[in-house]
Amino acid sequence: MTNEKWQTVREDIKGAIGAGAWKTWIEPLKFGEVKGGVASFTVPTTFFGNYVSQNFGEHILYQLRRSGESVERLNFGAAANLRNQPVAASAPAAPEAAPAAPAPGAPSSAPASNAGLDPRYTFERFVVGKPNELAHAAARRVAEGGEVTFNPLFLYGGNGLGKTHLMHAIAHELRARSPEKVVLYLSAEQFMYRFISALREKRMFDFKQMFRAVDVLMVDDVQFIAGKDSTQEEFFHTFNALVDSRKQIVISGDRLPGDMKDMEERIRSRLQCGLVVDLHPTDFELRVGILQSKVEHYREQYPGLQIREGVLEFLAHRISNNVRVLEGALTRLFAFASLVGREITLDLVQDCLSDILRASDRKISIDEIQRKVSDHYNIRLSDLIGPKRLRHYARPRQVAMYLSKTMTNRSLPEIGRRFGGRDHTTVIHAVKRIEELKGKDAQIAEDLELLRRMLEA
């Protein structure tokens, strides 16, 4: 490709992303050559190249292919020190992985496949436990790349539970098994950004063609488009077009589709028409397993570093609400210990992670327990703590008393007072009754576990 042809491609990119972003990020690019399916560019700094790759790499690939160039990936290098910098396409702040080659005979407008993927997020590095085993099995099935059996696959759960990890792992596995497939991963925010840009620049045909050319579409944090009517409209049509074409869709969100209040009903119903899988909050055993896996990885980086017995169990117990925070704490520990040349002990943990431990040491209140229990059993808070003795209210009340006794340090008389001025003997009876029932009644045991996880999250 000649420099003159690159100038033409640059103008096409300008029409797609807008003059402001183009002037800041595309105009400074210096075209080098296209060799072996790789288009090379020189950029002012490494950061500049990373940003362009992450945010505009797919646009560049798309326009290069439209111009007739056979380009599989992009290289961005600072000055003369060109280094491999594969195209990224929308995963904010995530390291990029080289996209797979386009399918033979695929249209030149097809977007880059497997773009924006973190090379660390693979199935091999995903620690499986009871809270996430169903989600892991479903993701594995989709990643096999055979006939579409459930569409979409919808993964939901709180922050740091592994939704994004599984989505990246699916894309990596698909790339390895079927490199001819075009896999597009992006956030819902990026979908909205591209949609708005296409509207502004009157390029909706290109937008629709790009998204309908994929074999697998993966959209992270879909709750972001809730309340954004025009974006929801286009997402709805894109969703339908891909499903009708038997193309796989994988979606993630922070809650059930039915609980996304500002999402259109027709979208919520479609998100629920496939397989909806919950990633539950991690339990103690799974958190220990995750830490052990990370320690094995860090031993390669810090071969001489020692970690005292009991440290991992302490971290898993104290940091229970977010796996990202847990992994970040371990990263900080290893970095700090290597810098000061000390063994990782419980004393070092207390010194190095004092801020994280304070933030994670959240106190659960009786008020919070009462609200969660009343919501879970769909009864009014006034009935939960009121005088009514109907079984419909009495059993949830006993559950709330049991959780107040086991999850707070409040005394029995104080708990009784918070439940309508009841005597402490009532609380004792409630605790004993729930202790008996949870060993015999599977529903009570499941309710207790779910409530405990929600309160600890």
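Values below: every heavy atom of this structure, side chains too, minus hydrogens, waters and symmetry copies. We number each residue from 1, following the sequence as shown. Remember, it's a predicted structure, so these values are computed and weren't measured experimentally.
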Quick one: does any side-chain atom of [X] pair with a main-chain N or O of [Y] as donor and acceptor, under 3.5 Å?
| X | Y | value |
| --- | --- | --- |
| Lys163 | Ile251 | no |
| Ser293 | Gly289 | no |
| Arg308 | Thr345 | no |
| Ser187 | Gln190 | yes |
| Asn132 | Ala135 | no |
| Trp22 | Arg10 | yes |
| Glu33 | Ser40 | no |
| His165 | Thr122 | yes |
| His168 | Tyr121 | no |

[atom1] of [X]: more than 12 outside heavy atoms within 6.0 angstrom?
| X | atom1 | answer |
| --- | --- | --- |
| Asp351 | CG | yes |
| Asp244 | CG | yes |
| Glu124 | CD | yes |

Return yes if a side-chain donor-acceptor contact under 3.5 Å exists between [X] and [Y], otherwise no.
| X | Y | answer |
| --- | --- | --- |
| Tyr156 | Asp259 | no |
| His237 | Glu233 | yes |
| Asp220 | Ser252 | yes |
| Asn3 | Gln7 | no |

Salt bridge present between [X] and [Y] (N-O < 4.0 angstrom):
| X | Y | answer |
| --- | --- | --- |
| Arg268 | Glu265 | yes |
| Asp206 | Arg203 | yes |
| Arg212 | Glu234 | yes |
| Glu144 | Arg140 | no |
| Lys5 | Glu69 | yes |
| Arg175 | Glu180 | no |
| Asp355 | Arg332 | yes |

Next on the checklist: Let's go through Asn151 and Gln248 carefully: what are the C-alpha distance in whole Å and the side-chain angles of both, what is the deciding distance for side chain to side chain donor-acceptor pair (under 3.5 Å) to 0.1 Å, and is it a yes or a no?
Outcome noted: CA-CA 6 Å; Asn151 208 13; Gln248 181 70 58; 3.2 Å; yes

Checklist entry - Should Leu286 and Val323 be marked as a side-chain contact (heavy atoms from CB on, under 4.5 Å) after you check the CA-CA gap, both sets of side-chain angles, and the distance that decides it? => result CA-CA 10 Å; Leu286 180 55; Val323 173; over 6 Å; no

Checklist entry - So which heavy atom on Phe126 is nearest to which on Gly162, and how close? => result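 Taking Phe126 first and Gly162 second, the nearest heavy atoms are CE1-O, 4.0 Å.
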
Checklist entry - Can you name the closest pair of heavy atoms from Ile319 and Ala329 and give their distance? => result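 Result for this residue pair: CD1-CB, 3.8 Å.
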
Next on the checklist: Please determine whether side-chain contact (heavy atoms from CB on, under 4.5 Å) holds for the pair Lys372 and Leu403, giving the CA-CA distance in whole Å, both sets of side-chain angles, and the decisive distance to 0.1 Å.
Outcome noted: CA-CA 11 Å; Lys372 291 288 187 184; Leu403 292 171; over 6 Å; no

Next on the checklist: Val214 vs Val183, test: side-chain contact (heavy atoms from CB on, under 4.5 Å). Steps then yes/no.
Outcome noted: CA-CA 6 Å; Val214 303; Val183 181; over 6 Å; no

Checklist entry - Looking at residues at least two apart in the chain, or sitting in another chain, which of them share a side chain to side chain contact (heavy atoms under 4.5 Å, CB included) with Ser197? => result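 Here the qualifying residues are Tyr193, Arg200.
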
Next on the checklist: Is there a ring-ring contact (aromatic ring centres under 6.0 Å, His included) between Phe191 and Phe224? Walk through the geometry before answering.
Outcome noted: CA-CA 10 Å; Phe191 180 90; Phe224 184 84; over 10 Å; no

Next on the checklist: Using ring centroids (six-membered ring only for Trp), state whether Phe123 and His172 fall under 6.0 Å.
Outcome noted: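 Aromatic pair excluded; centres sit 6.0 Å or further apart.
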
Sub-4.5 Å side-chain heavy-atom contact between [X] and [Y]:
| X | Y | value |
| --- | --- | --- |
| Val216 | Met218 | yes |
| Met204 | Leu199 | yes |
| Tyr377 | Asp447 | yes |
| Phe235 | Val222 | yes |
| His280 | Met454 | no |

Item to check | Inter-residue atom distance Thr282.OG1 - Leu326.CG, 0.5 Å rounding | outcome: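 So the gap between those two atoms works out to 7.5 Å.
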
Item to check | Separation of Leu64 CG from Leu61 CG (nearest 0.5 Å) | outcome: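 Interatomic distance, Leu61 CG to Leu64 CG, rounded to 0.5 Å: 6.5 Å.
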
Checklist entry - Does Arg266 make a cation-pi contact with Phe236 (under 6.0 Å, within 45 degrees of the axis)? => result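 Yes, a cation-pi geometry holds between Arg266 and Phe236.
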
Item to check | Pro131 and its side-chain contact (heavy atoms from CB on, under 4.5 Å) partner, picked from Asp278, Asp283, Leu161, Leu279 | outcome: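 The residue from Asp278, Asp283, Leu161, Leu279 that satisfies side-chain contact (heavy atoms from CB on, under 4.5 Å) with Pro131 turns out to be Asp283.
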
